[in-house]
Each structure stands twice: as C-alpha cells, then as structure tokens.
Amino acid sequence: MSKVLVTGGAGYIGSHVAKALLQQGYDIIIYDNMENGCESAIVGGTLVKADLADETSLSEVFSKAKVNAVIHFAGYSLVAESMAAPQEYYYNNVVNGLNLLKVMRRYNVKKFVFSSSAAVYGEPLKLPITEKHPTSPTNTYGETKLIFEKVLERYAGSYGLASVSLRYFNAAGADPEGQIGENHNPETHLIPLLLQRVLKGDRSEFSIFGDGYNTPDGTCIRDYVHVTDLARAHALALEALETPKKKFSVYNLGCGTGYSVLQVLKAVERVTGSNIPYKICAPRTGDPAVLVAGWEKIKCDLGWVPEFNDLDKIIATAWCWLKKSRRV
Ligand code: UDP
C-alpha cells in the first residue's frame with residue numbers, strides 16, 4: 001500500500017486526515033515538531049518528531065521509507081498572530097515548505113497535497129468565492145499560503161511536481177467517533193472557545209470581534225466545514241494525483257453557507273442548552289467581513305460533497321468530543 005508522509009499530522013486537521021487515511025489502508029508517517037501537535041491526536045502510523053527546518057531529519061525519513069506522496073499541513077495558521085509576527089510566518093510557512101519540496105525532489109517524490117486557506121482571497125468582490133476569484137490576502141497568514149501555491153505551480157511546470165492545493169474555509173467539528181478533536185493551545189477559534197466556556201461554566205462575557213462589518217448583524221460571516229469532510233477531500237485528492245489531469249489544481253473546501261459570529265454563538269447555545277453572555281470588542285486586524293465558498297469545482301472534478309452541512313450538527317460533534325475528553 002502507498003506510503004504517505006503527513007507533515008503536521010499531530011495537529012487538528014492533520015490528525016483527522018491521518019485517521020481517514022489509516023482507515024483506507026494507507027501506511028502513514030507523521031512528521032511533526034509537536035509545537036502545536038498533540039500526542040493523543042495520533043491514532044496510528046509512525047511519528048517522526050522533527051522540524052521541517054531540519055533537513056537531515058527530513059532526508060532520513062525519505063531515505064529510509066519509500067514515500068509515495070506528501071500531505072503538507074505543518075505550519076502556522078493564526079490570522080492575528082501572523083500580523084504580529086510576519087517573520088515567523090514567512091519562515092515556517094514558506095521557507096520550511098521549500099525545504100520539504102527540496103528534499104522531495106532529491107528523493108523523486110512527485111505527489112503533493114497542500115493545506116491552503118480561503119485567506120488567500122482576502123476581501124471578496126463576489127460571493128460565493130470560487131477558485132477564479134482574484135487573490136489578494138488581507139493578512140500575512142493568507143499571503144504565506146498564496147506564495148506557497150505559486151511555488152507549487154512553478155514546480156509543476158519546471159519539475160513535474162503534481163500537486164493539489166485545498167483552500168479550506170473554516171474547519172470545525174470533531175471526529176464523529178469522538179476519538180480526536182480540536183485541541184489548540186492556546187485556543188483562539190470561535191467554536192471551541194465558545195464550547196470550552198460552556199463546559200467550564202464560565203459566565204463572563206464572550207468577546208465578539210466587531211459588529212460594524214457589512215453583514216446583516218454586523219459580525220463576520222464564515223463558512224464552517226466539518227473536519228471529517230475535509231479529511232475525505234484529502235483522500236480524494238491523493239487518489240486524483242495517481243492520474244492527474246493537471247499538474248497543479250486548487251480547490252475550495254466549504255459548504256457554501258455562511259454564518260455570522262452571532263449565529264454561531266446562538267447555535268452553540270442551542271447545542272449545549274446554555275446561555276452565553278457576550279460583549280462587542282474591537283475588530284481583529286486582517287479579518288475579512290465575509291468568506292463563503294463556491295465548491296462546485298471539487299464536486300465536479302473529485303466528486304466531493306460535504307456530508308455535514310448543518311452548523312448545529314458540526315458543533316454537536318465538537319461538543320461530544322470536548323465533553324468526553326474534558327479538554328479545558
Ligand atoms: N471571533 C470572535 N471572537 C473570538 C474568536 C473569533 O469574534 O474570540 C470571530 C473572528 O473574528 C472571526 C470568526 O469569529 O470573524 C471566526 O474566527 P476563527 O478564529 O474561528 O477563524 P478564522 O476565520 O480566523 O479562520
């Protein structure tokens with residue numbers, strides 16, 4: 001069976017993808033420096049605890065195992081942090097990624113799935129956002145993803161690297177079997193933050209970042225897509241790379257429905273049966289008002305359709321996992 005290297009496979013999305021691949025019979029190696037990864041998120045495969053900046057460790061992995069393909073998650077992914085610390089983002093997300101591609105070239109590994117983001121689009125000119133939408137990131141995080149996509153496109157033309165870049169909208173939810181879930185430290189994402197305070201019985205006011213956006217209730221709108229649906233898309237992308245029609249493709253991954261921050265808060269109240277007090281704070285730098293995906297392209301090309309297209313159901317899986325693991 002095919003051997004796949006999953007960088008960042010101990011992280012939130014990486015671990016769900018790793019689990020999906022293991023269930024499909026893939027042999028996997030998880031390459032993670034464990035800066036944001038979590039041992040309990042590893043449900044199988046082999047773990048190599050190392051950094052992508054460490055070329056010796058990377059080379060060792062490729063020289064020992066016959067890796068057929070790489071799925072690359074490792075990187076930083078927080079919008080606010082990327083604005084405060086752009087250097088770390090360019091180094092980790094771009095330079096370390098280039099290092100990985102360099103070692104892949106040395107070992108002639110030519111299949112690559114990239115964890116990209118809707119943040120490459122910036123403020124949308126037209127909704128829903130399709131892959132044809134111009135790219136103009138409003139934050140450093142999105143820019144690092146866009147730069148790396150351009151690298152992949154060039155490497156496709158010059159070196160024959162076959163890659164698929166998956167532009168996630170807002171990944172949410174947890175493994176429906178309750179084995180793994182979202183476990184960032186510190187947590188900054190909307191849904192886990194809301195759920196954690198309900199679990200803790202925290203009655204202080206939740207901070208909503210701005211209500212002056214051009215949306216019906218003034219709060220930001222995002223398209224929440226279940227992490228298991230994302231995982232399935234990676235498996236489909238890997239299969240497509242066996243006989244790629246194009247050497248470089250980008251696909252949006254979202255459900256096509258947007259929910260405002262206030263709507264998400266209300267959904268968390270419904271799922272948990274708790275009331276959540278809130279206050280409006282200053283907007284977060286770099287946050288676009290609305291991000292909603294057009295996902296026809298991946299449906300047409302790879303047959304992907306999101307199975308969890310109901311926000312309450314997505315939140316319910318995260319709530320189940322959190323209660324079970326009591327990660328607060
Ligand atoms: N958000 C908020 N309060 C928080 C965390 C997030 O109002 O404590 C908002 C954030 O400004 C954004 C939305 O919730 O509009 C989703 O944020 P998240 O960090 O979950 O994902 P992002 O869109 O940054 O990838």
Side-chain angles (χ1 to χ4, degrees), residues 4-9 11 13-14 17 31-33 50-59 61-62 67-79 81-83 85-122 129 131-169 230 233-234 237-238 240-241 244-253 286 297-298 301:
V4 181
L5 181 74
V6 183
T7 76
I13 304 176
V17 171
Y31 192 96
D32 201 304
N33 66 5
D51 201 281
L52 286 176
D54 178 356
E55 210 178 305
T56 315
S57 288
L58 262 181
S59 296
V61 171
F62 284 92
V67 174
N68 305 93
V70 174
I71 308 189
H72 179 41
F73 295 98
Y76 293 145
S77 61
L78 301 177
V79 167
E81 190 181 68
S82 78
M83 301 303 281
Q87 176 178 293
E88 277 72 14
Y89 273 68
Y90 287 116
Y91 266 91
N92 200 14
N93 294 5
V94 181
V95 177
N96 288 350
L98 285 170
N99 216 24
L100 171 64
L101 294 181
K102 181 166 79 178
V103 178
M104 282 175 63
R105 267 196 78 207
R106 197 180 298 146
Y107 289 90
N108 205 27
V109 178
K110 294 202 161 178
K111 291 176 212 149
F112 193 81
V113 180
F114 179 52
S115 164
S116 186
S117 167
V120 299
Y121 295 113
I129 303 169
E131 292 81 355
K132 291 202 172 87
H133 190 284
T135 48
S136 179
T138 51
N139 53 64
T140 309
Y141 165 62
E143 193 168 70
T144 62
K145 292 291 176 185
L146 186 60
I147 292 171
F148 205 71
E149 284 190 354
K150 290 188 188 298
V151 169
L152 293 177
E153 194 170 8
R154 292 289 177 197
Y155 279 32
S158 303
Y159 302 137
L161 176 72
S163 63
V164 173
S165 181
L166 299 173
R167 294 175 173 169
Y168 316 141
F169 282 64
L230 289 186
H234 290 74
L238 263 189
L241 283 173
K245 290 199 185 86
K246 280 169 73 182
K247 285 282 186 200
F248 173 69
S249 311
V250 298
Y251 293 110
N252 284 345
L253 283 176
K297 190 179 174 209
I298 189 159
D301 289 6

>> Restricting to non-hydrogen atoms, name the atom on P244 and the atom on A162 that form the minimum distance, rounded to 0.1 Å.
In response: CG-CB, 4.1 Å
> For F62 and L5, what are the C-alpha separation, side-chain angles and deciding distance, and is it a side-chain contact (heavy atoms from CB on, under 4.5 Å)?
Replying inline: CA-CA 9 Å; F62 284 92; L5 181 74; 3.6 Å; yes
>> Is any side-chain heavy atom of N93 closer than 4.5 Å to one of F148?
In response: no
> Would you say the side chain of L230 lies within less than 4.5 Å of the side chain of F169, judging by non-hydrogen atoms?
Replying inline: no
>> I'd like to know whether L152 forms a side-chain contact (heavy atoms from CB on, under 4.5 Å) with L101, so could you lay out the CA-CA distance, the side-chain angles of the two residues, the decisive distance to 0.1 Å, and finally the verdict.
In response: CA-CA 9 Å; L152 293 177; L101 294 181; 4.0 Å; yes
> Which atoms form the tightest heavy-atom contact between H72 and G97, and what is the distance?
Replying inline: NE2-CA, 4.0 Å
Identify every side-chain donor-acceptor pair in residues 104-116 under 3.5 Å, counting partners at least two apart or on other chains, and give the distances.
{"unit_1": "R105", "atom_1": "NH1", "unit_2": "Y159", "atom_2": "OH", "d": "3.4"}
{"unit_1": "R106", "atom_1": "NH1", "unit_2": "S59", "atom_2": "OG", "d": "2.9"}
{"unit_1": "R106", "atom_1": "NH2", "unit_2": "E55", "atom_2": "OE2", "d": "2.6"}
{"unit_1": "K110", "atom_1": "NZ", "unit_2": "Y159", "atom_2": "O", "d": "3.3"}
{"unit_1": "K111", "atom_1": "NZ", "unit_2": "E242", "atom_2": "OE2", "d": "3.4"}
{"unit_1": "S115", "atom_1": "OG", "unit_2": "Y168", "atom_2": "OH", "d": "3.2"}
{"unit_1": "S116", "atom_1": "OG", "unit_2": "E149", "atom_2": "OE2", "d": "2.8"}

> What's the shortest heavy-atom distance between G8 and A74, and which atoms?
Replying inline: N-CB, 3.7 Å
> Which of these passes side-chain contact (heavy atoms from CB on, under 4.5 Å) with L58: L52, T7, N96?
Replying inline: L52
> Can you list the steps and then say if D301 with K246 is a side-chain contact (heavy atoms from CB on, under 4.5 Å)?
Replying inline: CA-CA 11 Å; D301 289 6; K246 280 169 73 182; over 6 Å; no
>> Less than 4.5 Å apart, side chain to side chain, heavy atoms only: is that true for N99 and K102?
In response: yes
> Ignoring hydrogens and geometry, is there a side-chain-to-backbone donor-acceptor pair from N252 to I129 under 3.5 Å?
Replying inline: yes
> Out of I13, V17, I298, I71, which one pairs with L166 under the side-chain contact (heavy atoms from CB on, under 4.5 Å) rule?
Replying inline: I298
> For the residue pair D32 and G11, what are the closest heavy atoms and their distance?
Replying inline: OD2-N, 3.8 Å
>> Tell me the closest heavy-atom pair linking S163 and L241, and the distance in Å.
In response: N-CD2, 3.9 Å
>> I'd like to check H234 versus V4 (side-chain heavy atoms, cut-off strictly below 4.5 Å). Are they in contact?
In response: no
>> Could you check whether any side-chain N or O of D51 sits under 3.5 Å from a backbone N or O of D54, counting only pairs where one atom can act as donor and the other as acceptor?
In response: no
>> Using 0.5 Å steps for rounding, measure from the CD1 atom of I147 to the OG1 atom of T140.
In response: 9.0 Å
> ring-ring contact (aromatic ring centres under 6.0 Å, His included): which pairs involve residues 85-104, sequence neighbours left out?
Replying inline: Y76-Y89
> With distance as the sole test, does S165 use its side chain to make a donor-acceptor pair with the main-chain N or O of V250 at under 3.5 Å?
Replying inline: no
> So, for S82 and N139, which heavy atoms are closest and what is the spacing to 0.1 Å?
Replying inline: OG-CB, 4.2 Å
